[in-house]
There are 2 protein chains.
Amino acid sequence: MPTRDVFSVIADPTRRQILDLLCQREMGVGELVETLGLAQPNVSKHLRTLGEADLVHVRIDGPRRHYRLRPDRLRELEEWLAPYRRMWADRLDALERHLDQLDETDHEED
Amino acid sequence: MPTRDVFSVIADPTRRQILDLLCQREMGVGELVETLGLAQPNVSKHLRTLGEADLVHVRIDGPRRHYRLRPDRLRELEEWLAPYRRMWADRLDALERHLDQLDETDHEED
DNA sequence: AGGGAATATGCCTGTCAAGGAATATGATTG
DNA sequence: CAATCATATTCCTTGACAGGCATATTCCCT
């Protein structure tokens, strides 16, 4: 059971970047540091955070640690999206946007 | 052009709750205040934030404002998820978890 | 055992966002 | 125009978190 909320964990852009990288292949910390151009302690801290959300898994290989993506938890996001996905399934967005614009010309609003 | 990042906006649980409510039907601020049990200024602030991310649309009806869900921006999330969704499409998660457990018995890790 | 490489942890500081309370805005009715 | 209702905005305080830096840990090699 993860000790951290997936939503808040992926709210950070750097963390999303890390996930995107790990989506391709498993990577070591050094590799990530080089690719991201961040300080090593920072990368380690982000990896820890990702681990606390069960978004990554560590494979220990001697002194190095290889991080692998663990996509399971992202299904939570997927599930959360489900009800909303239905909304753009039957509703034509172009029409929707058009109606919104009409509304907005009536009275300026967000 | 939204002035705010969808990821960080939906990181807040209260905001997700609001979205879930608006998923059913359009709602006025008073209704939301009652349902959520939060202070009105707070609800207004969250609605503003949601608006800045283009996640809601306001319909003005006299002195009241009715908020409607605008699902477009959630497609961004959907798109971001796409590459990861492929990972659990072909990979059997039960097997994956099983392998992870084997790894974890070798060396305790996150 | 000692030294060095790879990675993690702790501390500090600045920033940002949430919640609460008070107040301001805007529209409606008389 | 005064009163009132619905909603928004401001100010304040507090807590969380990212980044930078220094340091600790763990493992390998000889």
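Just so it is clear: chains get the letters A, B, ... in the order the sequence lines come, proteins before strands, and each one is counted from 1.
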task: Decide, yes or no, whether a salt bridge links B:Arg48 with B:Glu52 under the criterion of side-chain N to carboxylate O below 4.0 Å.
output: yes
_Can you tell whether the side chains of B:Asp5 and B:Arg73 come within less than 4.0 Å, N to carboxylate O?_
no
Of the candidates D:dT7, D:dG19, C:dA17, the side chain of A:Asn42 sits closest to D:dG19
From CD of A:Glu52 across to P of D:dA16 the rounded distance in Å is 14 Å
Out of D:dC28, D:dT7, C:dG26, minimum distance to the side chain of A:Pro63 belongs to D:dC28
When A:Arg4 and A:Ala39 are each assigned the nearest nucleotide of DNA chain D, the 5'-most assignment goes to A:Arg4
The nucleotide from C:dA18, D:dA8, D:dG20 with an atom nearest the side chain of B:His46 is C:dA18
Side-chain contact check for B:Arg65: nearest option of C:dT7, C:dG26, D:dA8 is D:dA8
Between CG of A:Leu47 and P of D:dG19 the distance, given in whole Å, is 13 Å
Rounded to whole Å, the CD-C1' distance (B:Gln17 to C:dA18) equals 15 Å
note: B:Met27, atom CE; D:dA6, atom P; distance rounded to Å ~ 15 Å
Please check the phosphate of C:dA8 (OP1 and OP2 only) for any side-chain N or O of A:Arg48 closer than 4.0 Å.
-> no
Between the main-chain N or O of A:Ala11 and the side-chain N or O of A:Arg16, is there a donor-acceptor pair closer than 3.5 Å? yes
note: A:His66, atom NE2; C:dA6, atom C1'; distance rounded to Å ~ 10 Å
Next on the checklist: Check this for me, if you would: do A:Arg65 and A:Glu26 make a salt bridge, where the nitrogen-to-carboxylate-oxygen distance has to be below 4.0 angstrom?
Outcome noted: no
Practice problem: Tell me what A:Thr14 touches on the nucleic acid: a base, only sugar-phosphate, or nothing, going by heavy atoms under 4.0 Å. | Solution: sugar-phosphate
task = Report yes if a side-chain nitrogen or oxygen of B:Tyr67 is closer than 4.0 Å to either non-bridging phosphate oxygen (OP1 or OP2) of D:dA8; otherwise report no.
result = yes
B:Arg59 atom CZ is separated from D:dA6 atom P, nearest whole Å, by 16 Å
Atom CD1 of A:Ile18 and atom C1' of D:dG19 are separated, to the nearest Å, by 13 Å
Which of C:dT28, D:dA18, C:dA8 is nearest the side chain of A:Asp12? It is D:dA18
note: A:Arg64, atom CZ; D:dC29, atom C1'; distance rounded to Å ~ 13 Å
Closest heavy-atom pair, A:Val29 versus A:Ser44, reported as atoms and distance to 0.1 Å, is CG1-OG, 4.2 Å
Any donor-acceptor pair under 3.5 Å between the side chain of A:Gln40 and the base of C:dA6? no
Of the listed C:dA8, D:dA8, D:dC28, the closest approach to the A:Pro41 side chain comes from C:dA8
Side-chain contact check for A:Lys45: nearest option of C:dT7, D:dT9, D:dC21 is D:dC21
